[in-house]
Enquirer: 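Quick one: the structure is below, questions incoming.
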Amino acid sequence: FESVVSDCTRQVLENARKEATPFVLPGDFANISDHIFLLFHQLRPCKPTAASMKRRRLNFDQINHIPGLCCKHCNQDSGSQGMYFPLAIESLGDSSFSQTLMMHLSTCSYVDSDIKNALIE
């Protein structure tokens, strides 16, 4: 698909391939789509705060077995935005989960416009 993407998107993907993250490694690129690779490249693990647990009506037993996923761009500043706590590992492959992540990343003011455009393209 690299032949059908813009130069900017190609550069974003090349940069992502060079950097390991907690959820995707450069070697994973060959096994998953560009979109999913780049999507999960924008995340980091996180632990829920008491406020996020209350807001999502969760208890620690429900999410104790899997780490949360947080937007690596905004979560360090806002502390509560872009936090996701899947209740089962299978939900990570669910299209509604990736759509939720995409919605956040496309509207997050901390995500670089080149990354947003690459995710949309």
Side-chain angles (χ1 to χ4, degrees):
F1 291 103
E2 286 184 358
S3 62
V4 296
V5 298
S6 68
D7 289 339
C8 185
T9 294
R10 187 175 296 112
Q11 187 62 51
V12 167
L13 290 168
E14 286 176 8
N15 291 342
R17 289 181 192 177
K18 296 174 188 174
E19 179 189 0
T21 68
F23 294 110
V24 289
L25 304 172
D28 293 334
F29 194 83
N31 301 314
I32 58 178
S33 70
D34 295 352
H35 178 77
I36 295 298
F37 181 87
L38 193 57
L39 188 68
F40 279 83
H41 199 270
Q42 308 312 307
L43 305 173
R44 65 180 180 84
C46 63
K47 294 183 179 190
T49 63
S52 66
M53 294 292 288
K54 183 176 181 180
R55 186 171 44 256
R56 291 170 177 85
R57 296 182 182 104
L58 298 171
N59 63 53
F60 284 101
D61 292 334
Q62 289 176 291
I63 62 166
N64 196 29
H65 61 285
I66 188 170
L69 293 90
C70 298
C71 173
K72 72 180 185 180
H73 303 281
C74 72
N75 191 258
Q76 51 212 20
D77 290 329
S78 69
S80 64
Q81 298 299 310
M83 298 175 79
Y84 306 95
F85 299 98
L87 298 180
I89 194 80
E90 295 81 17
S91 64
L92 296 176
D94 185 5
S95 63
S96 65
F97 182 70
S98 59
Q99 288 172 354
T100 299
L101 295 176
M102 185 63 191
M103 180 61 75
H104 170 79
L105 292 168
S106 65
T107 60
C108 178
S109 61
Y110 294 93
V111 177
D112 185 78
S113 62
D114 290 343
I115 292 172
K116 288 180 183 182
N117 291 335
L119 285 166
I120 293 168
E121 191 171 326

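Model, not experiment: these values are computed from the prediction. Computed over heavy atoms, backbone and side chain alike; hydrogens, waters and symmetry mates excluded.
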Enquirer: Within the side chain of Ser33, is there an N or O that forms a donor-acceptor pair under 3.5 Å with the backbone of Ile36?
Expert: yes
Enquirer: Distance from Ser96 atom OG to Met103 atom CE, nearest 0.5 Å?
Expert: 12.5 Å
Enquirer: Is Glu121 reaching over with its side chain to a backbone N or O of Ser6, donor-acceptor style, under 3.5 angstrom?
Expert: yes
Enquirer: Quick one: do the Gln11 and Asp7 side chains pair a donor with an acceptor below 3.5 Å?
Expert: no
Enquirer: Report the distance from atom OG1 of Thr9 to atom CG of Leu38, rounding to the nearest 0.5 Å.
Expert: 8.5 Å
Enquirer: If we only count heavy atoms from C-beta on, is the Ser98 to Leu39 side-chain gap below 4.5 Å?
Expert: yes
Enquirer: Rounded at 0.5 Å granularity, tell me how far CD1 in Ile120 sits from OG in Ser106.
Expert: 6.0 Å
Enquirer: Look at the SG atom of Cys74 and the SG atom of Cys108, then say if they are under 2.5 Å from each other.
Expert: no
Enquirer: Quick one: closest heavy-atom pair of Val111 and Lys116, and the distance?
Expert: O-CE, 3.4 Å
Enquirer: Could you tell me which non-hydrogen atom of Glu19 sits nearest to which non-hydrogen atom of Lys72, and how far apart they are?
Expert: OE2-NZ, 4.1 Å
Enquirer: To the nearest 0.5 angstrom, please state how far the SG atom of Cys71 sits from the OH atom of Tyr84.
Expert: 7.5 Å
Enquirer: Please report the interatomic distance CZ(Phe37) to CD(Gln42), rounded to the nearest 0.5 Å.
Expert: 9.5 Å
Enquirer: Checking Thr107 now: which residues fulfil side-chain hydrogen bond (donor to acceptor under 3.5 Å, both in side chains) with it, not counting sequence neighbours?
Expert: none
Enquirer: Closer than 3.5 angstrom, by distance alone: can the side chain of His73 be matched with the main-chain N or O of Leu105 as a donor-acceptor pair?
Expert: no
Enquirer: Would you be so kind as to tabulate the donor-acceptor pairs closer than 3.5 Å made by side chains of residues 20-27, with sequence neighbours excluded?
Expert:
residue	atom	partner	partner atom	Å
Thr21	OG1	Val24	N	3.2
Thr21	OG1	Val24	O	3.1

